[in-house]
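Taking it in order: structure first as structure tokens, then the write-up.
Just the heavy atoms: all of them, side chains too, but no hydrogens, waters or symmetry mates, feed the values below.
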Amino acid sequence: MITTERPRGTLWSADHRTTTVASLLVVTLIAFENMGVATAMPTMVAALGGQALYSWPFTAFLVASVVATVLSGRVCDRRGPALALVTGPAIFLGGLFLCGSAANMPMLLAGRVLQGLGSGVVLVAVSLLIALVYTDRERPAMYAANAAAWVLPAVVGPSVAGVVTESVGWRWVFFGLTPLALLGLVMLVPIARRLGGPEPGQRQRRAGVTAAVAAAIGVAALTWAAQHPSPSALGYGLAGLVALAFSARRLLPAGTLLARAGLPTVVASRALLGGAYAGMEAYLPLTMARVHGYSPALAGLPLTVAALGWSAASWLQGRYPDWSREVLLRIGFGLVAGSMVVFAFVAEPWCPGWVAFVGSVVGGAGMGTAYPSISLLLLRFSPVAERGFNTSAMQVSDWVASALTVGFGGVLLGLLASAERPSAAVFVLAVCLTGLALAGAGITRRWPTRG
């Protein structure tokens with residue numbers, strides 16, 4: 001029987017404590033990396049002479065994550081999440097070292113690929129770890145704790161990354177995270193040893209590795225073709241689009257592209273929400289630095305405010321596990337749409353820079369409301385034997401949409417503006433991202449009876 005009493009202390013009970021700490025440490029590592037890299041990106045790209053490739057460190061990370069996410073989901077469905085929990089942080093650690101020692105843009109991009117691979121592997125594994133260890137009523141509290149793990153990186157991450165970049169160099173934005181990655185790896189090893197595999201005889205749906213590679217190549221080809229227009233680019237750009245269409249049928253639940261009611265709507269919602277927010281997150285520090293004259297130490301502060309809003313909203317939903325997740329998802333989309341409208345105004349030099357902080361806290365609150373709801377709905381609609389596939393599908397939709405919106409921003413920079421004067425491009429991008437969020441709010445108005 002379901003009770004209305006809120007779960008208290010369940011995350012820190014004797015049987016959950018180690019898993020909770022290790023999971024939150026992984027989230028904290030990814031949060032520090034996310035905040036630090038976004039803040040330091042204008043400086044590191046300029047130092048390596050890669051201004052024309054500004055969006056590619058983000059795109060390389062996301063494209064690699066597509067492949068890793070599918071592989072992780074497949075391995076987790078077949079063998080359980082133990083192997084992925086260990087290999088993911090190890091690969092991510094290698095990416096930190098390569099990025100920190102990069103002498104040119106190709107080395108930086110290679111390091112970002114490794115970071116994307118490690119992140120994709122471990123995020124799927126942690127999602128399945130939560131599904132295995134915590135009950136449906138405990139999961140909102142765990143998702144709230146995950147959001148809270150962003151608070152410290154959000155508060156100190158952008159500022160520390162800016163100070164580190166200005167004082168000792170951008171390379172230490174990567175090198176400084178290696179102890180945290182090593183600690184996370186050490187803590188996850190004993191947890192992985194205790195986990196078993198899936199029950200024998202369960203029917204499993206597995207995404208094809210070929211489809212994952214095709215999706216990654218498709219995203220990269222489309223982005224490169226759009227940023228380097230030519231007759232040949234038109235050919236491989238169309239080929240990339242075909243590859244994406246082919247892979248979507250294998251990597252996503254049937255009906256996702258049409259947002260069919262049920263699980264497809266959940267996965268499509270994650271794509272629209274993640275794509276909209278990633279586009280803003282990638283170009284807001286650039287806007288604050290180049291349009292409003294903020295220093296590297298201050299340009300990432302709106303991301304800090306966004307993360308705080310995310311954590312606060314996630315904490316609130318975690319205290320009320322019986323709230324309708326469908327309604328919360330719709331509210332989240334509305335808040336994100338509002339923040340994108342503010343982002344469009346901030347792109348203009350006549351708009352005060354402080355307005356970005358208002359939009360950021362609203363957008364963060366929308367993400368903190370919607371993301372836990374998506375994760376809970378995904379598990380409710382997923383058969384146990386297909387949780388790995390569906391979790392990877394959700395992550396893939398997020399990565400692909402994010403890569404496309406970030407890449408689209410890079411296209412707009414090349415066509416309408418530049419990394420030094422980005423206002424026109426960022427304004428158009430913000431309008432398009434607002435449309436994505438409004439579309440998400442629209443598709444969440446229909447849900448089937450869960451069976």
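- Each of V267, L263, L376 was scored for a side chain to side chain contact (heavy atoms under 4.5 Å, CB included) with F381, with one residue passing: L263.
- One N or O on the side chain of R171 and one on the backbone of G100 form a donor-acceptor pair closer than 3.5 Å.
- Partners of L258 by side-chain contact (heavy atoms from CB on, under 4.5 Å), not counting sequence neighbours: none found.
- With sequence neighbours excluded, no residue satisfies ring-ring contact (aromatic ring centres under 6.0 Å, His included) with F97.
- In this structure the side chain of L185 reaches within 4.5 angstrom of the side chain of V86, judged on heavy atoms.
- Here the side chains of M288 and V346 are in contact, with some heavy-atom distance below 4.5 Å.
- Applying the side-chain hydrogen bond (donor to acceptor under 3.5 Å, both in side chains) definition to pairs two or more places apart or across chains, those involving residues 112-125 are E33-R112, E33-Q115, R112-Q115.
- Atom OG1 in T391 sits 6.0 Å away from atom CG in L379 (nearest 0.5 Å).
- The shortest side-chain heavy-atom distance between V21 and M187 falls under the 4.5 Å cut-off.
- Looking at T369, its side chain never comes within 3.5 Å of a backbone N or O of A313 through a donor-acceptor pair.
- The heavy-atom pair separating V336 from S339 by the smallest distance is O-OG, 2.7 Å.
- Side-chain contact check for R139 versus S375: every heavy-atom pair is 4.5 Å or farther apart.
- In terms of the side chain to side chain donor-acceptor pair (under 3.5 Å) criterion, N104 has no residue partners (sequence neighbours excluded).
- Annotation for A268 and A259: closest pair CB-CB, 4.2 Å, computed over non-hydrogen atoms.
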Under the criterion side chain to side chain donor-acceptor pair (under 3.5 Å), I'd like the reasoning laid out for T20 against Y134: C-alpha separation, chi angles, the key distance, then a yes or no. CA-CA 10 Å; T20 299; Y134 305 95; 2.7 Å; yes

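- By the side chain to side chain donor-acceptor pair (under 3.5 Å) test, S324 pairs with E326, sequence neighbours left out.
- Considering every non-hydrogen atom in both G111 and L98, the closest pair reads N-CD2, 3.4 Å.
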Run the side chain to side chain contact (heavy atoms under 4.5 Å, CB included) check on C432 and M340 step by step: do they pass? CA-CA 9 Å; C432 294; M340 296 303 152; over 6 Å; no

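- Here the rule is side chain to side chain contact (heavy atoms under 4.5 Å, CB included) with V266, and of L378, L329, T256 only L378 fits it.
- One finds the CH2 atom of W170 at 5.5 Å from the CG atom of L108 (value rounded to the nearest 0.5 Å).
- A337 meets the side-chain contact (heavy atoms from CB on, under 4.5 Å) test with A437, L438; sequence neighbours excluded.
- Side-chain contact between W323 and V327: absent, with no pair of heavy atoms (C-beta onward) separated by less than 4.5 Å.
- The shortest side-chain heavy-atom distance between S101 and F175 falls under the 4.5 Å cut-off.
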Side chain to side chain contact (heavy atoms under 4.5 Å, CB included), that's the test. Do L183 and L29 meet it? Break it down for me. CA-CA 10 Å; L183 179 59; L29 170 64; over 6 Å; no

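- Between A211 and R250, the closest heavy-atom pair is CB-CB, 3.6 Å.
- Residues meeting the ring-ring contact (aromatic ring centres under 6.0 Å, His included) test with Y143, sequence neighbours left out: none.
- The shortest side-chain heavy-atom distance between L413 and S418 does not fall under the 4.5 Å cut-off.
- Evaluation of the ring-ring contact (aromatic ring centres under 6.0 Å, His included) rule for F343 yields no partner, not counting sequence neighbours.
- Distance check: I374 CD1 to M367 CE gives 7.5 Å after rounding to the nearest 0.5 Å.
- The structure places OG1 of T405 at 8.5 Å from OH of Y283, a figure rounded to the nearest 0.5 Å.
- Residues L71 and V121 are not in side-chain contact: their nearest non-hydrogen atoms beyond the backbone lie 4.5 Å or more apart.
- Heavy-atom minimum distance, G332 versus A370: CA-CB, 4.1 Å.
- Proximity of a side-chain donor or acceptor of S314 to a complementary backbone N or O of S311 within less than 3.5 Å is not detected.
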Determine all donor-acceptor pairs shorter than 3.5 Å in which one atom belongs to a side chain in residues 359-366; sequence neighbours excluded.
| residue | atom | partner | partner atom | Å |
| --- | --- | --- | --- | --- |
| S360 | OG | P302 | O | 3.3 |
| S360 | OG | A356 | O | 2.8 |

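- R387 is linked by a side chain to side chain donor-acceptor pair (under 3.5 Å) to nothing, counting only residues two or more places apart in sequence or in another chain.
- Under the side-chain contact (heavy atoms from CB on, under 4.5 Å) criterion, V341 pairs with F345, T434, not counting sequence neighbours.
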Might you work through the side chain to side chain contact (heavy atoms under 4.5 Å, CB included) test for F389 and L251, ending with a clear yes or no? CA-CA 8 Å; F389 172 84; L251 301 178; 5.9 Å; no

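- Nearest heavy atoms, C76 versus L128: CB-CD1, 3.2 Å.
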Side-chain donor-acceptor contacts of residues 420-430 below 3.5 Å, not counting sequence neighbours, with atom names and distances?
| residue | atom | partner | partner atom | Å |
| --- | --- | --- | --- | --- |
| S423 | OG | A347 | O | 2.8 |

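- Note that the OG atom of S247 and the CG atom of L252 stand 7.5 Å from one another [nearest 0.5 Å].
- In this structure a side-chain-to-backbone donor-acceptor pair under 3.5 Å is missing from R270 to M394.
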Step by step, work out the side chain to side chain contact (heavy atoms under 4.5 Å, CB included) result for F333 and L272. CA-CA 9 Å; F333 267 117; L272 293 171; 4.1 Å; yes

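- Interatomic distance, CG of L123 versus OG of S72, reported as 8.5 Å (0.5 Å rounding).
- Checked by atom type and distance alone, the side chain of Q317 pairs as donor or acceptor with a backbone atom of P140 at under 3.5 Å.
- Using modelled atom types and a 3.5 Å distance limit, the side chains of D398 and Y277 yield no donor-acceptor pair.
- Between the E138 side chain and the T135 main chain, a donor and an acceptor come within less than 3.5 Å of each other.
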